[in-house]
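Quick note: residue numbers are just sequence positions, from 1. Computation of the quantities below employed the complete heavy-atom set of this structure, encompassing side-chain atoms and omitting hydrogens, waters and symmetry-equivalent molecules.
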Amino acid sequence: MTDKQPKTTYRPHRRGTKTRWLWLPSLMFGDGVAVSVLVLTMVMLRRMGLDTADTALAIALLSLPVLLRPLFEMVVTHFWGTTKVWILSTQFISALSLAAVAFTLHTSSWLLGTVCFMPFFVCSSVFYNIALQRFYIDTSQGAHLSQVHQQISQGVHLSQVHQQNPTPQQDTMLRCCDGEMVTLHSSTSHHHNTTTLHSQKSCGFLTMALLFGCGVMMMIAGNMEVVTRNIRYSWSLVFYVMAGVELFLWLWHTIFLPGGTHGYAKPKPTMGLHRGEFRISLRRMLKRKDDITALTFFVLFLLPDTLLALTAPLFLIAKPHNGGLGLSPQEFAFTQGTIAIIAIALGYTLGGKAIKKHGLRRWLLPSALLLAVPGAALLFLSYNTAAPLSIVAASLAAGHAALGFALSMVKQVVVRFTRNMPDNTLRHAIARTLIATPFVLVGMFAGAMLTLIDYQHIFLLATELSIASLTVAAFYLYRTRKK
């Protein structure tokens, strides 16, 4: 769906909630498969004999397409065709990529095959997430902001929007890129409740996908290694199964997923995603102090976790003589793939409820302090490498619950950064890109750091970096105190 189409009015779907449940869970499940596949790939590379530094570098390089999300958003915006084709094409490419990786694991060129085919999977996963958010997930005020963007592109002054949308329903204040305030009439109360409900359901489906990929499939890989005594065959089978999952989702969505040129969700605003608009929107964004504060927050708030994103899983599976815990794939699936994922989901849910009850300002500083917990928990384990599995699981659960609580705060800051803005789709893409940038850049050097210092010093540094999170959180609260 693009703004160049002759008519972009929203065509409501009247098939009800029962029909939506035929494809919404599968869409969210497919979105969570991408993260689980990257975790499986990292463990697979280590089990196949690749050293720690090269494994961290490979995973970081595979994550580079995530940084191109604004560019991919522009590609989706300028595409002419049905919305359903994005979901089907990306899932089919993902299935072929995983099947190709599984096929090459039997050969001596397994590393070359992984490096060649996995980028196709990652790129298709990014396009899949964009299409999912753009065409099948409703966001509050999306259709109204899209209408404003169309009027602006047609030369209508912003002050006339109030007169051109006369409805006796709830008023909404729209913040324009240059700071001008415009009143936009919209009925967003019921739609906001529906969006919140969908967000809660989506978190559950993503958790199920991560539990399946990082928990169940990791457990199967470890058991197959024990039964067959063949590492290559075991991991090839796992990737064939993941390819089969993608193919099944492709067939399911071919039958049940609604298509058309308008999409199921209400249209999203695309200001800033056209030729010549991106630089203008970015320039206006950098002139507003509140936006600069939010952009700084996105880059620096999760800085402690950037050191742990790749080093923590590598620490869990590294041999004890290399400073790691030496967990088997089955133990990794239980601790990191099951307990930790459930803990981060519970922490995220608890953070959302805390924000809803007390607001963001009360909990932002405590969440910054909680970012020291993951590093402290791993630091404790690095000094107790012979700890029982129950202690390992409890430590990881505490760290990931604290991380999930902090992630809920980041999500709320993203909502505030994009709310009531005519270019909120571009802003959402920029926010996600800035959040992921430190993870990718630090991940590239994580392997080199492990060759220079041990895990204990890395975890100690990650714990100390929580001071940076606390500082940027206090700076954000100070700059937005009048809001």
- Distance from Ser94 atom OG to Glu246 atom CD, nearest 0.5 Å? 4.5 Å

- Has the side chain of Arg361 got a donor or acceptor atom that lies under 3.5 Å from a matching backbone atom of Leu477? yes

- Message: I'd like to know if the side chain of Asp305 reaches the main chain of Leu308, judged simply by a donor and an acceptor atom lying under 3.5 Å from each other, with no hydrogens or angles considered.
- Response: no

- Straight-line distance of Ser26 OG to Asp31 CG, nearest 0.5 Å: 11.5 Å

- Message: If I compare all heavy atoms of Ala340 with all of His400, which pair ends up nearest, and what's the gap?
- Response: O-CB, 3.5 Å

- Taking the side chain as C-beta and beyond, is there a heavy-atom pair between Phe135 and Val76 under 4.5 Å? yes

- Task: Please tell me if the side chains of Val66 and Val440 come closer than 4.5 Å, counting only heavy atoms from C-beta onward.
- Result: no

- Query: Quick one: does Met44's side chain get under 4.5 Å of Leu40's, heavy atoms only?
  - Reply: no

- About how many Å separate CD of Glu277 and CD1 of Ile280, when rounded to the nearest 0.5 Å? 7.0 Å

- Message: With heavy-atom distances below 4.5 Å as the criterion, would you say the side chains of Leu364 and Tyr476 are in contact?
- Response: yes

- Within-4.5 Å side-chain heavy-atom neighbours: Leu470 and Ser466: no

- Report the relative orientation of the aromatic rings in Phe417 and Phe298; use parallel for angles under 30°, tilted for 30 to 60°, perpendicular for over 60°. perpendicular

- Task: Could you tell me whether Tyr128 and Trp86 have their ring centroids closer than 6.0 angstrom?
- Result: no

- Message: A side-chain contact here means heavy atoms from C-beta on lying under 4.5 Å apart; do Thr52 and Thr311 qualify?
- Response: no

- Aromatic plane relationship, Trp21 with Phe205 - under 30° parallel, 30 to 60° tilted, over 60° perpendicular: perpendicular

- Geometric class of the Phe212/Phe29 ring pair [parallel <30°, tilted 30-60°, perpendicular >60°]: tilted

- Apply salt bridge (Lys or Arg N to Asp or Glu O under 4.0 Å) to Arg427 and Asp291, showing your working. CA-CA 10 Å; Arg427 286 170 169 264; Asp291 292 342; 2.7 Å; yes

- Task: To the nearest 0.5 Å, tell me how far Thr471 OG1 sits from Phe301 CZ.
- Result: 11.5 Å

- Between the main-chain N or O of Phe278 and the side-chain N or O of Ser281, is there a donor-acceptor pair closer than 3.5 Å? no

- State, yes or no, whether a side-chain contact exists between Leu314 and Thr55 at a heavy-atom distance under 4.5 Å. yes

- Item | Plane angle bin for Phe92 and Trp250 - parallel if under 30°, tilted between 30 and 60°, otherwise perpendicular | tilted

- Kindly indicate, with the supporting measurements, whether the criterion side-chain hydrogen bond (donor to acceptor under 3.5 Å, both in side chains) is fulfilled by Asn129 and Arg134. CA-CA 8 Å; Asn129 181 264; Arg134 183 80 68 87; over 6 Å; no

- Query: Does any N or O in the side chain of His253 come within less than 3.5 Å of the main-chain N or O of Leu249, such that one atom is a donor and the other an acceptor?
  - Reply: yes

- Query: Are Cys214 and Ile341 close enough that some pair of their side-chain heavy atoms sits under 4.5 Å apart?
  - Reply: yes

- Query: Above 12 or not: heavy atoms from other molecules or residues under 6.0 Å from CZ of Phe103?
  - Reply: no

- Message: For a quick test of reading the model, state the closest non-hydrogen atom pair linking Pro65 to Val122 and the distance between them.
- Response: CG-CG1, 3.9 Å

- Query: If you measure from CZ on Phe405 to CG on Leu370, what distance do you get to the nearest 0.5 Å?
  - Reply: 6.5 Å

- Mark yes or no for whether Arg46, through its side chain, and Leu50, through its backbone, hold a donor-acceptor pair below 3.5 Å. yes

- Task: Would you please classify the geometry between the Phe256 ring and the Trp252 ring as parallel, tilted or perpendicular, with 30° and 60° separating the classes?
- Result: tilted

- Item | Leu38 versus Ser63, closest heavy-atom pair with distance | CD1-OG, 4.4 Å

- Message: Distance check, rounded to the nearest 0.5 Å: Ser469 atom OG versus Leu365 atom CG?
- Response: 11.0 Å

- Query: Has Met208 got more than 12 heavy atoms of other residues, nucleotides or ligands less than 6.0 Å from its CE?
  - Reply: no

- Query: Taking the six-membered ring for Trp, is the centroid-to-centroid distance between Phe475 and Phe297 below 6.0 Å?
  - Reply: no

- Quick one: do Asp290 and Arg416 make a salt bridge, cutoff under 4.0 Å? no

- Query: Cation-pi between Arg481 and Tyr478: NZ/CZ under 6.0 Å from ring centre and within 45° of the ring axis?
  - Reply: yes

